[in-house]
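Here is the structure we will look at.
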Amino acid sequence: MREFLLGYGIFATYLIIGSGALYLFILAISHQRMRTLVKSTMYSRFRELAGSEHVPPVSILVPSHNEELTIVESVRSLMTLEFPVYEIVVVNDGSQDRTLQVLIDTFQLRPHRLSAFRQHVASKPIREVYHSPQYPKLVVIDKANGGKADALNAGINVSKYPLVATIDADSLLEKDALIRLVKVYMENPEQHIAIGGNVRIANGSTIEDGRVRTVRLPSQWLPALQYVEYMKAFLGGRIGWSAMNGLLIVSGAFGLFRKDYLIEVGGYEAECPGEDMNIVMKLHKHMLDRKLPYRIVFCPDAVCWTQAPDTLRVLSAQRRRWIRGNLWNMIRFRSLLFIPKYKMIGWLAMPYTIIYETLSPYVRLSGLAALVGYVLMDMTQLPILIIFLLANWLTGLIFTCGSLLIEQFAFRRRISTAELLHIIGMSVIMAIGYDQLNAWWKLQGQWDYVRRNNSWGNMVRRSWQDGQVDGGPAKSGAAKATTSASSF
């Protein structure tokens, strides 16, 4: 037993050191790339593009299931985007609440001819398509329930423009978010086949007229942890992977795609629980198989705001679903591993994802158990154990502070000393409790995958109202705390 614990401890230590070194390497690339992006934006005249006839039009797809509390505010917000020509395609995926009726009543929708649309990719039957002369940008599809991937496929079929943007029904876009994404596309329209936006947590921030006016760290501890987590993932991680053309995911909350390539790869796979990773993996494979030049990039200044789960039950369901999608896609595309023609994807991005995402819960939890075993079996001294844990925490803190510096550099948002200490405190909690909890949820998600349990669970939505978006009872001037449940 002692020999096994010693050997496993050495193995786990090397993995932790390796992950820390790789995190810092990606962070350094992200920081350098962000400096370049900010400098280019300073001299960019992207706001003038908002009124230019040369900007390609975009179809915004909004898959919706049981979103009656947020859908109207989200659509109204999308209608005010600074963009010349676009359409909003809301896909009601068999909602069991009043999502469709609320849209019909609010926007005075009427049935539209189905014969005008072609089925480019497979999807469940479309029952009706609605339109309103008063809101010419808006199209609403009512279809049989088939899940988010199937809803996106239906949206692709009905959409009429060459670029497709996807956004969650509970999200809010900055007014210039779409034009920023399209500007990146226009820099290299032949090769930029997908562009991901930056997803940020709106909990705790002030919302007015469907816009985030004042950004604040969430007051509740669970959304606050996710605020730091998202900041590290999107600013500290995805910028670096984008620079290496190694992005494996464009967040389903906000991304832009060339529709012709979505159709070429057959659209989204309806049975996949991680549709946002799946479509990106299909695009990588399609382009590399044909030896076509391409890039899938991340645009950090195109901001989308989303609601983070504020209960452990809802967050657990979300993370279990994410790891099922991760595992499904890693198995589905395992043939890309260590094949020369798949370059960065097969040699670094996928191995990294398998080792540090798919298998990480086993290493984290068993490694922690091994360290406890060292102390109980008197194989090490308690101070050495504490030093090891502190070193592990310090790596996470450096990554957090590096991501925070990127955020300050990119968005010029003033941060108070209290907020800085709060973020550092959240980083401590992440290292000594939250990461282990996430690892446990990942194990549960993988067990769900083995048992073929594909339940999505219910994501609780809170109505976007003027005030602060946070959980808990409604307060004066705060967001109305009415909720609805969505399986997306």
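Side-chain atoms are counted along with the backbone in the values below, which use heavy atoms only and exclude waters and symmetry mates.
In summary, the side chains of E67 and T70 do present a donor paired with an acceptor at a separation below 3.5 Å, with no hydrogens or angles considered. N92 and S64 share no donor-acceptor pair across their side chains, judged by distance under 3.5 Å alone. Looking only at atom types and distance, the side chain of E174 has a donor-acceptor partner in the side chain of W305 under 3.5 Å away. Checking S59 against E87 by side-chain atom types alone, a donor-acceptor pair falls below 3.5 Å.
Between H112 and H131, the ring planes are tilted. Angles from 30° to 60° get that label. Using cut-offs of 30° and 60° for the angle between ring planes, the Y356 and Y352 rings count as tilted. Ring geometry for Y135 against F107 counts as perpendicular: the plane angle is over 60°, on a 0 to 90° scale with 30° as the lower cut.
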Could you please spell out the steps behind the side chain to side chain contact (heavy atoms under 4.5 Å, CB included) verdict for Y130 and V90? CA-CA 10 Å; Y130 295 89; V90 179; over 6 Å; no
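For the pair R332 and E269, the salt-bridge criterion is met [side-chain N within less than 4.0 Å of a carboxylate O]. Between R319 and E229 there is a salt bridge, with a side-chain nitrogen of the basic residue lying less than 4.0 Å from a carboxylate oxygen of the acidic one. In this structure, K442 pairs ionically with E357, as a charged nitrogen and a carboxylate oxygen lie closer than 4.0 Å. Between D150 and K124 there is no salt bridge, since none of the side-chain N atoms of the basic residue sits less than 4.0 Å from a carboxylate O of the acidic one. Residues D93 and K148 are not paired through a salt bridge, judged by the lack of any N-O separation under 4.0 Å between the basic side chain and the carboxylate.
Residues F333 and H284 place their aromatic rings such that the two centres sit no closer than 6.0 Å.
With a 4.5 Å cut-off on side-chain heavy atoms, L172 and I207 count as touching.
For the pair R238 and F234, the cation-pi test (distance below 6.0 Å, angle within 45°) is passed.
Sorted by first and then second residue, the side chain to side chain donor-acceptor pair (under 3.5 Å) pairs with a member in residues 101-110 read Q101-D105, Q108-Q134; sequence neighbours excluded.
Put simply, CD1 on I193 and CG on L163 are 12.0 Å apart, with the number rounded to the nearest 0.5 Å.
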